[in-house]
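One structure below.
The shown structure was predicted, so the numbers you read here are calculated from the model rather than taken from an experiment. Letters A, B, ... are given to chains in the order of the sequence lines, protein chains preceding strands, and every chain is numbered from 1.
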Protein chains: 2
Amino acid sequence: MIVLDDRADDRTRADRLVGDVTDGILSGLFAPGDRLDEASLAERYGVSRTPVREALRRLASSGLVETRPRRGTVVASLTPERLAELFGAMAELEATCARLCALSMSPVERRRLEDHHAAMETLVSAEDVDGFVSANLAFHTQIYAGAHNGHLAEIAAGLRTRLMPYRRAQFRMAGRLPRSHAEHGAVVSAILAADAGAAHGAMLRHVSLVEDSFERLALRRPR
Amino acid sequence: MIVLDDRADDRTRADRLVGDVTDGILSGLFAPGDRLDEASLAERYGVSRTPVREALRRLASSGLVETRPRRGTVVASLTPERLAELFGAMAELEATCARLCALSMSPVERRRLEDHHAAMETLVSAEDVDGFVSANLAFHTQIYAGAHNGHLAEIAAGLRTRLMPYRRAQFRMAGRLPRSHAEHGAVVSAILAADAGAAHGAMLRHVSLVEDSFERLALRRPR
DNA sequence: CGGGGACATATTGTATGCAATTAAAGTCTT
DNA sequence: AAGACTTTAATTGCATACAATATGTCCCCG
C-alpha cells in the first residue's frame, strides 16, 4: 500500500494542529486579537472542525488563545500589566529553581552547568545570536532540571514558551549578549558555591533585566 | 429591557461536565486508575460523546486525568514521588508569595492580614476544625493576593485545589490547629516586619510541615 | 500444553449535519 | 434622523455516523 505523508507518526490531527497554530501565533501569522474561526482553520489545514476545536481548546488552556462560550476564539492579547505579571512570575519561578539548584544539584549537574556556561563564551565572542539563543534555552532548561521538581520545571518551561514571542528581538539589542552571559556567570558561581540566597538573587536580577529590555523595546514600538 | 441575570447559564455542557467529573474524582466516585470511557460518561450524564471528550481534554490539561492517544483516559494516579513534587512546588510558590508580601503589601493589606490571623485564634481555642479550614484558605488566599501578581496567584490557587483531596484529614490530627496557627504567626510577623527572607522561610516551613503530616497519614493508610 | 497469529470487539479519532445563539444588517416608528 | 425592534447571516455547540486503531479471544500449530 502506498502511504501518503499523513502517516508519519501516531500523533493525532489535533496534536499536529496544536503545533501548527502555535507556530502560526509565534511567527506572527496570527496576531494577538485575530479571530480564529474554526471553519477557516479547518479549511486551511485540510481537516474537519472537530480536531480544530480540540486544538483551540488546548491552546486556550495553555493561555495562548482565549475562548468565550459561543463567541469564538481569538489570539490572546496581553495587556502590558498582564505581560508584566507573566514576566514577574517567570522571574520568581526561575529564581526559585536557581535557589533549589544551589541546594540540591548533584556534582555532575554542577559540572555540566559550569561547562555549558563556559562553552557559551565562544558564542558571545563570535556574536552568534542564534547560537546564543539556543544555548540560552538549554542553560535555563538545565536550571529547571536541577531544581529536581518536575512540576516546577513544567510551569517554568510553559511560561517561557508562552513569553517567547515577546522576547524574540531582545538578544539583538546592542551589548545584550555579553551582559546576559555575565549575569549567567553570577548565577553559576552562586550555584557552584551552594549559596542559595545569591543564586536566587542573581537569577531574579537576570530575568528581570531581560524583562526591562523588553519593556524598552515595547515602548519604542507600541502595540 | 429586562436583562436581569444574563449570566444565568451560558455555561456549555462541557463546562458542566468538567465540574461534575471533577467532583466525581474528588469524592472518590472515580478512583485513581479508573478508566473514564467516553461512551459511559456520555450515557451517565445524558449527553453525547462530543462534550465529554472536551471535558476530558480539559481535565487532562489540569492534570486530574491522563489521556493517551487512542488508548483512552484514566483518572490520574499520582505516585508518591509526583505527589511530593506537587507539594514541594506549592511550598515554593507560597513561600515566594509570602516573600513578595513582605516586600510589597500595602499597609491596608498588612493590617487585614494581621486582623484575620488574630481572629483565627478564636477558632483554635474552640477547636472548630471546619471553621479553621475555611479561614485557613482565606489566609492563604490573602497571601496570594498580597504578592500582587495575578499569574502566580492563579498557579498557587490551582495547585492548592488539585492537592485538596490529599489534605482533607490533616487538620484533624491532634494538635495540628494550634501548631498551624503558630506557624501562621511567624509568617505574619515576618511580613509585617517587611523581612522578606524570614517570610519566605516561615512559609516554606509551614507548608512543608503540612506536607510531612500528610505523608505520615498516607503511610498509615496506604491506598 | 504453551505460544503466535488471525479475527472479532470495543473504544477512540474524525467528519458532517443540525440546532442554538450571537452579531449584524435592515426596517419601522416616533 | 435617531433609536429600537425584527430579521438575517454567520458561527459555535452538540449529536450522530463512520473510520481507524488498540485490545481481547480463539484457534491453529508446534
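The main-chain N or O of B:G150 is found under 3.5 Å from a side-chain atom of A:E85 such that the two form a donor-acceptor pair. A donor-acceptor contact shorter than 3.5 Å links the side chain of B:R16 to the backbone of B:R11.
Proximity of A:T12 to the phosphate of C:dT14: a side-chain N or O atom is located under 4.0 Å from OP1 or OP2. Considering only side-chain N and O atoms, B:R57 lies under 4.0 angstrom from the phosphate OP1 or OP2 of C:dG13. Note on A:R16: every side-chain N or O is 4.0 Å or more away from OP1 and OP2 of C:dT14. Of the side-chain N and O atoms in A:R49, none sit less than 4.0 angstrom from OP1 or OP2 of D:dA15. In this structure, B:R13 reaches the D:dC14 phosphate: one of its side-chain N or O atoms is under 4.0 Å from OP1 or OP2.
Between B:E54 and B:R58 there is a salt bridge, since at least one side-chain N of the basic residue sits less than 4.0 Å from a carboxylate O of the acidic one.
Here C:dG13 presents its C1' atom at 15 Å from CZ of A:R53, a figure rounded to the nearest Å. Here the P atom of nucleotide C:dA15 and the CD atom of A:E43 are 14 Å apart, to the nearest Å. Straight-line distance from the CG atom of A:D37 to the C1' atom of D:dG13: 14 Å, rounded to whole Å. At whole-Å resolution of the value, CD in B:E38 and P in D:dC18 are 18 Å apart. Residue B:R68 contributes atom CZ, which lies 14 Å from atom C1' of C:dT11 at whole-angstrom precision. Between the CZ atom of A:R70 and the C1' atom of D:dT12 there is a distance of 7 Å, given to the nearest Å. The distance from atom CD of B:E54 to atom P of C:dT12 is 17 Å, rounded to the nearest whole Å. Rounded to whole angstrom, the span from the CG atom of A:L56 across to the P atom of D:dT12 amounts to 9 Å.
Side chain A:R71 to base D:dG13: no donor-acceptor pair is found below 3.5 Å.
Summary of the strand contacts: A:T73 and A:T50 both lie near DNA chain D, and taking for each the nucleotide with the nearest heavy atom, the more 5' one is attributed to A:T73. For the pair A:S48 and B:R35, nearest-nucleotide mapping onto DNA chain C gives the more 5' position to B:R35.
Note on ring orientation: taking the six-membered ring where Trp is involved, the planes of A:H140 and A:H184 are perpendicular (angle over 60°, cut-offs 30° and 60°).
Counted by atom type alone, B:Y144 and B:E154 present zero donor-acceptor pairs between their side chains at under 3.5 Å.
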